[in-house]
Protein chains: 2
Amino acid sequence: MSDDAIDYEAPLPPYRQIADAIIGGINRGELRPNRPIPSEATMIQRWGVARDTARRAVRYLRAQGYTYTVPQRGTYVADGSDNGVS
Amino acid sequence: MSDDAIDYEAPLPPYRQIADAIIGGINRGELRPNRPIPSEATMIQRWGVARDTARRAVRYLRAQGYTYTVPQRGTYVADGSDNGVS
DNA sequence: CATCATTTGTTCGTATGTATC
DNA sequence: CGATACATACGAACAAATGAT
């Protein structure tokens with residue numbers, strides 16, 4: 001997560017900028033498989049965005065297969081195969 | 001009970017990690033039918049968790065059919081072949 | 001008999017996460 | 001952004017029953 005600033009003038013919407021920052025962290029190995037990504041509250045504070053925006057970023061990451069969410073627990077970096085969490 | 005370390009950032013909540021450790025002990029025969037599993041106080045010491053977490057683990061084991069609890073006495077490994085695993 | 005240690009039962013409060021509206 | 005709900009975890013305190021001394 002190299003940058004902490006959101007560019008509201010950029011073509012890429014804020015939630016995608018955050019998602020890309022997370023993806024960058026995953027690709028650099030800073031965020032490892034089955035480890036939690038920053039919580040919604042952390043994203044809200046770190047990037048100064050609304051909860052909706054943080055949630056959009058999480059939903060996007062999940063839709064792209066980068067992460068998986070465990071209800072009442074957190075969102076974690078996917079490890080390629082299907083997680084076996086019950 | 002091979003492992004006595006709790007991973008608080010794991011997708012599986014602490015009480016489930018403890019429960020799984022107990023189940024492992026049962027399946028390996030270290031904890032035998034009608035013999036007591038570790039007391040709440042022991043779990044607290046061994047895994048360094050709060051009593052609430054230890055109790056959740058016990059409640060889970062009981063709900064899954066692995067153990068039965070005798071009030072003011074302890075929790076014991078259930079006999080019979082039913083593991084409660086569906 | 002009384003005392004003590006052990007163990008589970010119960011209830012209060014605080015905190016962090018996600019889920020939903 | 002707010003408010004609410006739910007699951008989880010930690011901490012503390014007290015109650016009640018059991019078993020050993």
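Note that the structure is predicted; figures quoted are calculated from it, not measured. All chains are named by letter (A, B, ...) in the order of the sequence lines, taking the proteins before the strands, and each is independently numbered beginning at 1.
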Item to complete: Mind calculating the distance between CG (B:L12) and P (D:dA7) to the nearest angstrom?
Response: 17 Å
Worksheet item: Roughly how far, to the nearest 0.5 Å, is the CE atom of B:M43 from the CD atom of B:E40?
Response: 7.5 Å
Worksheet entry | Short side-chain donor-acceptor distance under 3.5 Å, A:R62 and A:T69 | yes
Practice prompt. In plain terms, say whether B:D7 and A:R35 are close enough for a salt bridge, that is, a side-chain N and a carboxylate O under 4.0 Å apart.
Written response: yes
Worksheet, complete the sentence: To the nearest angstrom, the CD-P distance between B:E9 and D:dT8 comes to 18 Å
Item to complete: Answer yes or no: does a side-chain N or O of B:Y8 lie under 4.0 Å from OP1 or OP2 of D:dT8?
Response: no
Worksheet, complete the sentence: A:Y68 OH to C:dT18 P, in whole Å, measures 14 Å
Item to complete: Answer with base, sugar-phosphate or nothing: what part of the nucleic acid does B:I44 contact at a heavy-atom distance below 4.0 Å?
Response: nothing
Worksheet item: Can you tell me how far C1' of D:dG11 sits from CE of B:M43, to the nearest Å?
Response: 19 Å
Fill in: Nearest-nucleotide 5' precedence on DNA chain C, A:T42 against A:D52
A:T42
Worksheet item: For A:E40, which contact category applies under a 4.0 Å heavy-atom criterion: base, sugar-phosphate, or nothing?
Response: sugar-phosphate
Response to the item:
Among C:dT8, D:dT8, C:dG17, the one nearest any side-chain atom of B:R55 is C:dT8
Item to complete: Verify the contact: side-chain N or O of B:S39 to OP1 or OP2 of C:dT6, cut-off strictly under 4.0 Å; return yes or no.
Response: no
Worksheet item: Cluster partners of B:V70, using ILVMFWY side-chain heavy atoms under 4.5 angstrom, listed by chain and number?
Response: B:Y68, B:Y76
Item to complete: Identify which nucleotide among D:dC1, D:dT8, D:dC14 has an atom closest to any side-chain atom of B:R51, counting heavy atoms from C-beta outward.
Response: D:dC14
Worksheet item: For the side chain of B:Q72 and the base of C:dT8, is some donor closer than 3.5 Å to an acceptor across the two?
Response: yes
Worksheet item: When you measure from the side chain of A:A41, which nucleotide among C:dT8, D:dC1, C:dG17 comes out closest?
Response: C:dG17
Worksheet entry | Rounded interatomic separation in angstrom, taking CZ from A:R73 and P from C:dA15 | 19 Å
Practice prompt. Please report, rounded to the nearest Å, how far the P atom of D:dG11 is from the CD atom of B:Q45.
Written response: 12 Å
Item to complete: Describe the nucleic acid contact of A:V58 in one word from base, sugar-phosphate, nothing, applying a heavy-atom distance below 4.0 Å.
Response: nothing
Practice prompt. For A:R56 and C:dT18, give me the distance from atom CZ to atom C1', rounded to whole Å.
Written response: 17 Å
Worksheet item: Looking at A:D52 and A:R56, does any basic side-chain N land under 4.0 Å from a carboxylate oxygen?
Response: no
